[in-house]
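Note that the structure is a prediction, hence the values are computed from the model and not measured. These numbers come from the heavy atoms of this one structure, side chains and all, not from hydrogens, waters or symmetry mates. Every number for a ligand or one of its atoms is a count from 1 in the order of the listing.
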Amino acid sequence: MAFPALARDFRWGVATSSYQIEGAVDEDGRGPSIWDTFCRVPGAVVGGENGDVACDHYHRVPEDVDIIAGLGVDTYRFSLAWPRIQPGGRGPANAAGVAFYDRLVDTLLDRGITPWITLYHWDLPQELEDAGGWPARDTAYRFADYAELAHDALGDRVVHWTTLNEPWCSAMLGYENGIHAPGRKDFGAAMHAVHHLLLGHGLAAARIRERHTGPLELGITLNTGHFVPATDSEADREARRIADGLSNRIYLDPLVHGRYPEDVTADLAARGVTMPVQDGDLEIISAPLDILGINYYSSHRSSGTDENGATTGEDGLPVVRSVPYGRPRTAMDWEIVPEGLTDLLTRLHDDYGLPMIITENGAAFDDVAEEDGSVHDADRTAYLVDHIGAVAAAREAGVDMRGYFAWSLFDNFEWAEGYAKRFGIVRVDYDTQRRTVKDSGRWFADSVRLTREAGEGTAG
Ligand code: FCB
């Protein structure tokens, strides 16, 4: 199916991340990351699974790039494993680790596919966590050094650079509720992590800009949440304000406007937390971005009351929870709310005015594979139809949308959910490592082709 609003000047891609697909965790000098450690914590990951082998992508680059080329997309978004490039998170580059990404980039370029690099998709070198992790300011400087090494190695061929993937997850899931690596549970540490992630972004962006010659598209990817008040009550509107503040504005206001939102810092102060801002940090963080990456999966209705109608929790804090829309759900139990994506993009355009690209969107469903590996995943196709349609609607409404990347190219290691949740448009049989394009992948490839064709021959 064609999406005429996306026919011109629009990038189509598929996305993955290093720890979720590469495997080969102790080859060619790679050091341990916080995810290698976290996966060993009993109960941390469903089934006690880990990324030791994952999709074995490290050993299958030619085959995997063939699959990407076969889908007809123009761009492949992947992340570099920091502990392959700097095994302990500091010091010189590990040549063997760099060589892997060198080969990957060259293989992509040979096939006419544009590499889109994410520098940090959550695999912090364990040694840096041992030294304090993201709550410690020094990690931001270490990240900038790593970005420089990565850019020195690949910047002659790679135009598109994303500093961080979803700093909200790194900070909140990693340091506040401990669902993700490194599994700490300390709200104050999580807020310090927010600032140091943003500072790391700004320092890394400056290093890349200083060194880069030729065209460059530099950005950050956020999993901005779309929140609506469940009702018009004051408590629900307040819950929405708090949720939006901690999910969206605490990142976007410093990145775009060079300041933390006052209501959020006041809420934090009431909880005894101050952002560890030093002179000059906000100038570094707010250097202009070329593009904002958006990862979208679902939306949230915010309620400011608990099941009993109370507006304050046992901890003395205002109640903030999500209540259902009453929509069908994916296998992640996430509600399917495509129009939330149009509303989110419109709001981000109005408030922040940056060009945007969907760097992740997709869905896990309980796939049933046929003998030959094929998967008739009409549910995933329907999800993609509706969400790409939502991007088209935003573009028609005047939002500057530059592209769409499906999450994910492959079924892969879905973090704390292990291998049980399958997001791929290509199935991976983990026993044999056989890859099979699912029906949704065929639909995606056809739609990319038909959409491009719809743009050919039209003026403008
Ligand atoms: C995002 C992550 C990505 C994947 C999807 C389902 O939060 O960036 O790695 O796990 O969710």
Side-chain angles (χ1 to χ4, degrees), residues 13-23 33-35 38-39 44-46 49-51 54-55 57 76-82 116-124 134 162-177 179-181 197 201 219-226 246-248 251 292-300 322 329-337 340-341 344 356-367 377 379-380 383-384 387 404-426 428 440:
V14 285
T16 63
S17 87
S18 47
Y19 190 69
Q20 293 182 277
I21 66 164
E22 285 178 359
S33 82
I34 54 175
W35 272 94
F38 187 68
C39 289
V45 174
V46 171
E49 289 167 332
N50 59 56
C55 303
H57 169 69
Y76 176 47
R77 173 186 186 247
F78 60 96
S79 75
L80 309 183
W82 186 349
W116 185 295
I117 287 183
T118 303
L119 283 164
Y120 186 72
H121 200 128
W122 307 352
D123 36 5
L124 184 71
W134 286 110
T162 296
T163 53
L164 305 175
N165 177 69
E166 301 189 354
W168 181 89
C169 290
S170 299
M172 304 307 278
L173 303 183
Y175 293 96
E176 196 225 351
N177 63 30
I179 291 174
H180 279 187
L197 283 154
H201 152 82
I220 186 170
T221 279
L222 304 177
N223 55 326
T224 42
H226 181 59
L246 281 179
S247 293
N248 300 326
Y251 301 96
L292 174 63
I294 297 296
N295 293 354
Y296 178 87
Y297 292 94
S298 186
S299 286
H300 312 277
S322 292
R329 292 169 186 263
T330 69
M332 295 294 280
D333 210 27
W334 296 344
E335 290 192 279
I336 302 174
V337 191
L341 177 54
L344 171 70
M356 289 181 281
I357 183 160
I358 303 298
T359 38
E360 288 180 24
N361 173 245
F365 287 105
D366 295 324
D367 291 341
D377 53 343
D379 38 16
R380 186 173 291 104
Y383 184 99
L384 295 176
H387 287 78
Y404 176 95
F405 302 160
W407 184 271
S408 182
L409 170 63
F410 294 135
D411 295 336
N412 59 43
F413 176 74
E414 178 46 38
W415 308 113
E417 300 292 335
Y419 293 95
K421 305 295 181 211
R422 292 177 176 268
F423 275 90
I425 59 171
V426 176
V428 175
S440 59

Quiz item: Of the choices H121, E414, E417, which has the non-hydrogen atom that lies closest to atom 4 (C) of ligand 1?
Solution: E414
Practice problem: Ignoring hydrogens and angles, tell me if any N or O in the side chain of E49 forms a donor-acceptor pair with the backbone of Y419 under 3.5 Å. | Solution: yes
Quiz item: For the side chain of Y383 and the backbone of I336, is there at least one donor-acceptor N/O pair under 3.5 Å apart?
Solution: no
Quiz item: Looking only at protein heavy atoms, which one is nearest to atom 5 (C) of ligand 1, and how far off is it?
Solution: Y297 OH, 3.3 Å
Quiz prompt | Heavy-atom proximity to atom 3 (C) of ligand 1, best of E360, H180, M332 | solution = E360
Quiz item: Purely on distance, is any nitrogen or oxygen of W415 under 3.5 Å from one on ligand 1?
Solution: yes
Quiz item: For the residue pair W134 and Y120, is the inter-centroid distance of their aromatic rings smaller than 6.0 Å?
Solution: yes
Practice problem: Give yes if a backbone or side-chain nitrogen or oxygen of N165 is under 3.5 Å from a nitrogen or oxygen of ligand 1, and no if not. | Solution: yes
Quiz item: Looking only at side chains, do D123 and S18 share a donor and an acceptor under 3.5 Å apart?
Solution: yes
Quiz prompt | Distance from atom 7 (O) of ligand 1 to nearest protein heavy atom, with residue and atom | solution = E166 OE1, 2.5 Å
Quiz item: With a cut-off of 4.0 Å, which atoms of ligand 1 are near a heavy atom of F423?
Solution: 6 (C)
Quiz item: Between the side chains of H201 and T163, is a donor N or O closer than 3.5 angstrom to an acceptor N or O?
Solution: yes
